[in-house]
Chemist: 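First, the structure itself, so that you have it in front of you.
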Amino acid sequence: MKRITIKRVSAAILSFGLIIVLLAGCGSGSGDPSAPAYRTVDEIKKSGVINIGVFSDKSPFGYVDEYGDYQGYDVYFAYRIGKDLGVDINFVSTEAANRIEYLQTGKVDIILANFTVTPERAEEVDFALPYMNVALGIVSPSDAVIESLDQIGPDDEVIVISGTTAETYLEKNYPEIKLQKYDTYAAAKTAFENRNGVAWANDNTEVIAFAIENEGYVVGIPSLGSQDTIAPAVTKGNESLLYWLNDEIKALGEENFFHKDYEETLLDTYGKDYEDTLVVEGGVVK
Amino acid sequence: MDMEIIRQYLPLYRDALFLTLRIGWYGVFLALAIGLVCAMIIRFRIPVLRTIVKAYVGLFRNTPLLVQLFFIYFALPKIGIRLSAEFCGSLGLGLLGGAYMSETLRSGLESVAKIQEESAESLGMNRYQAFRFVIFPQAVTYSVPGILANVIFLLKETSVFSTISLMDLMFTAKDLIGMYAKTLECLTLLVIFYLIMLLPVSLLGYVLERRLRHAEFGD
């Protein structure tokens, strides 16, 4: 019996060691970094399908409507990209925290999931020209409005979505604020409605839309942190697709495409007032 | 692989390990308690309760933990029942595990030969004594491999806790990847920490199984 126990223990230690060696191995070798994980414009055209990563639960930017079709500001742009490339679109639903991964592993050609441009992200992916402005905002119930971050007590929790700029910003600049993290928009939304946290921090576009669509909520802090932009992202090094996107965005500026996009997809939510604050036309931030 | 990053992330993974273990073990103990009670109800054929137990086992064995957690965490507050995320995690794990444990224990009880009970009674033991001193110890012996498989299964199921905002090992890794995109380092740490958590359980189970064999007799 003793012999068998020793055998078992050594087998376990061995398997543990094996995995570490394996991982260390691929750490140094890094699995042949020269092989590109992306497809060029020509390759995409040849295959006839482009994979575009969008949100499926972030109304009105990227969501699935009652007929099961993708809709929203990002999706409207995605359809145009497909049309101008002359290929079919395969929409890939992403979560905030997956966006970089999906590009790095070649699961999608473009991420069009309301992706805010940040220096950290720009090290991992390549951003094209921007098509929207964004800042952070904080929404809270109207009977307990939070208008300043000082109002958040030591035991209060603020809801954020894992992998968003709101999370990174608060972690970096306000480490003392307790965050309650969710992995999807849908979960965060439900948790906030259930009042699991005192406030919800997210892109201000998102929280403004939430407060407009749901009664009893106020955006106490409409603009927090720096004014950022949202842009399509491609796999690091995919210059062919990046340049094509930049040319596309510039060309679309001529026909005021993104204003039309706004009027088709966002007008119902935000009204006319936000059109010029949100839309970036032709890749030029005013 | 960047060792500096790994060193920086280690405390976060350690916290996640403790959280996972804490919730995991509460869940496992709850599962064992529920499983034992249910198995006994089935064994002694207690009317009404027996039907309830069967319905419970059917419900929780045939729905994913993710759905159960969603229900406990997101749906119950809508009808005024508010529970902390950690409590929901333990409760969900306990209820899921209870259904599995009860089936494992029941099959253990059934594998004890009928002649054991008859012999115990012929020695003058009543039904309770026969169960407590003859049937149950043997049944536990038979069930140990199944129970341990359940324990490991439950500890691994903690990886869906991210949906209810618990920073377990899985969510910590996903969250860090989302923020800093150090995929290789984060996933390596994740595998190592799951092994740190589960390998000792596997080994303990093996030793325990050997030891408990002493309770086996007859046949």
Side-chain angles (χ1 to χ4, degrees), chain A residues 1-2 4-5 7-9 11-13 15-17 19-20 22-31 95-101 103-105 118 120-121 123-125 157 159-165 167-168 171-172 179-184 186-191 193-197, chain B residues 1-3 6 66 69-70 73-85 88 160-167 170-192 194-196 198-207 209-211 213-214:
Chain A
M1 183 206 121
K2 195 146 208 174
I4 303 172
T5 316
K7 252 187 183 169
R8 263 290 180 109
V9 174
I13 294 171
S15 69
F16 192 79
I19 285 165
I20 292 182
L22 257 172
L23 289 166
C26 59
S28 51
S30 228
E95 284 169 14
N98 287 340
R99 290 176 293 193
I100 293 175
E101 286 303 285
L103 284 174
Q104 286 179 338
T105 53
T118 68
E120 291 90 355
R121 286 172 178 171
E123 280 177 25
E124 308 292 336
V125 301
E157 292 191 356
I159 293 173
V160 293
I161 296 158
S162 174
T164 56
T165 38
E167 180 195 22
T168 318
E171 287 238 324
K172 238 190 228 165
L179 301 180
Q180 198 179 102
K181 300 176 180 182
Y182 290 90
D183 50 5
T184 61
K189 227 174 235 182
T190 318
E193 283 166 358
N194 285 346
R195 305 195 74 157
N196 287 349
Chain B
M1 197 131 49
D2 190 340
M3 282 301 156
I6 290 191
L66 189 64
L69 285 179
F70 253 91
Y73 189 69
F74 289 116
L76 290 186
K78 303 273 186 206
I79 54 168
I81 302 171
R82 188 165 289 277
L83 306 165
S84 79
C88 285
V160 304
F161 281 172
S162 58
T163 39
I164 59 169
S165 83
L166 287 172
M167 294 305 281
M170 186 70 204
F171 197 18
T172 303
K174 269 167 71 179
D175 192 48
L176 286 170
I177 291 172
M179 280 196 287
Y180 307 111
K182 299 282 178 259
T183 314
L184 182 67
E185 288 82 357
C186 286
L187 292 182
T188 307
L189 280 170
L190 183 63
V191 173
I192 291 172
Y194 267 113
L195 285 176
I196 290 174
L198 290 171
L199 272 185
V201 180
S202 301
L203 287 175
L204 177 82
Y206 185 72
V207 173
E209 209 178 299
R210 291 260 134 195
R211 290 250 153 160
R213 280 284 149 82
H214 293 306

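In the text below, chain A, chain B and the rest are named by the order of the sequence lines, each starting its count at 1.
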Chemist: If we define contacts as heavy-atom pairs under 4.5 Å, which of B/Ser84, B/Ala85, B/Ser165 has the most with chain A?
Modeler: B/Ser165

Chemist: Please state whether the side chain, the backbone, both or neither of A/Glu123 comes within less than 4.5 Å of a heavy atom of chain B.
Modeler: neither

Chemist: Between B/Tyr73 and chain A, which part of the residue has a heavy atom less than 4.5 Å away: side chain, backbone, both or neither?
Modeler: both

Chemist: Is there a donor-acceptor pair closer than 3.5 Å between any side-chain N or O of B/Asp175 and the backbone N or O of A/Ser162?
Modeler: no

Chemist: Pick from A/Ala188, A/Ala96, A/Ala97, A/Ala186: which one has the most heavy-atom pairs with chain B under 4.5 Å?
Modeler: A/Ala97

Chemist: Roughly how far, to the nearest 0.5 Å, is CE of B/Met179 from OG1 of A/Thr164?
Modeler: 9.0 Å

Chemist: Rounded to the nearest 0.5 Å, what separates atom CD in A/Glu193 from atom CZ in B/Phe74?
Modeler: 10.5 Å

Chemist: Apply salt bridge (Lys or Arg N to Asp or Glu O under 4.0 Å) to A/Glu124 and list each qualifying residue two or more places apart in sequence or on a separate chain.
Modeler: B/Lys182

Chemist: Using side-chain hydrogen bond (donor to acceptor under 3.5 Å, both in side chains), reason through A/Asn196 and B/Arg82 one step at a time and then give a plain yes or no.
Modeler: CA-CA 9 Å; A/Asn196 287 349; B/Arg82 188 165 289 277; 3.1 Å; yes

Chemist: For B/Phe70 and A/Thr190, run side chain to side chain contact (heavy atoms under 4.5 Å, CB included): C-alpha distance rounded to whole Å, both residues' side-chain angles, the deciding distance at 0.1 Å, then the answer.
Modeler: CA-CA 10 Å; B/Phe70 253 91; A/Thr190 318; over 6 Å; no

Chemist: Non-hydrogen atoms of chain A under 4.5 Å away: do they reach the side chain of B/Ile164, the backbone, both or neither?
Modeler: backbone

Chemist: From B/Leu166 CG over to A/Lys181 NZ, what is the distance, rounded to the nearest 0.5 angstrom?
Modeler: 13.0 Å

Chemist: Go through the atoms of A/Thr168 and report whether side chain, backbone, both or neither lie under 4.5 Å from a heavy atom of chain B.
Modeler: both

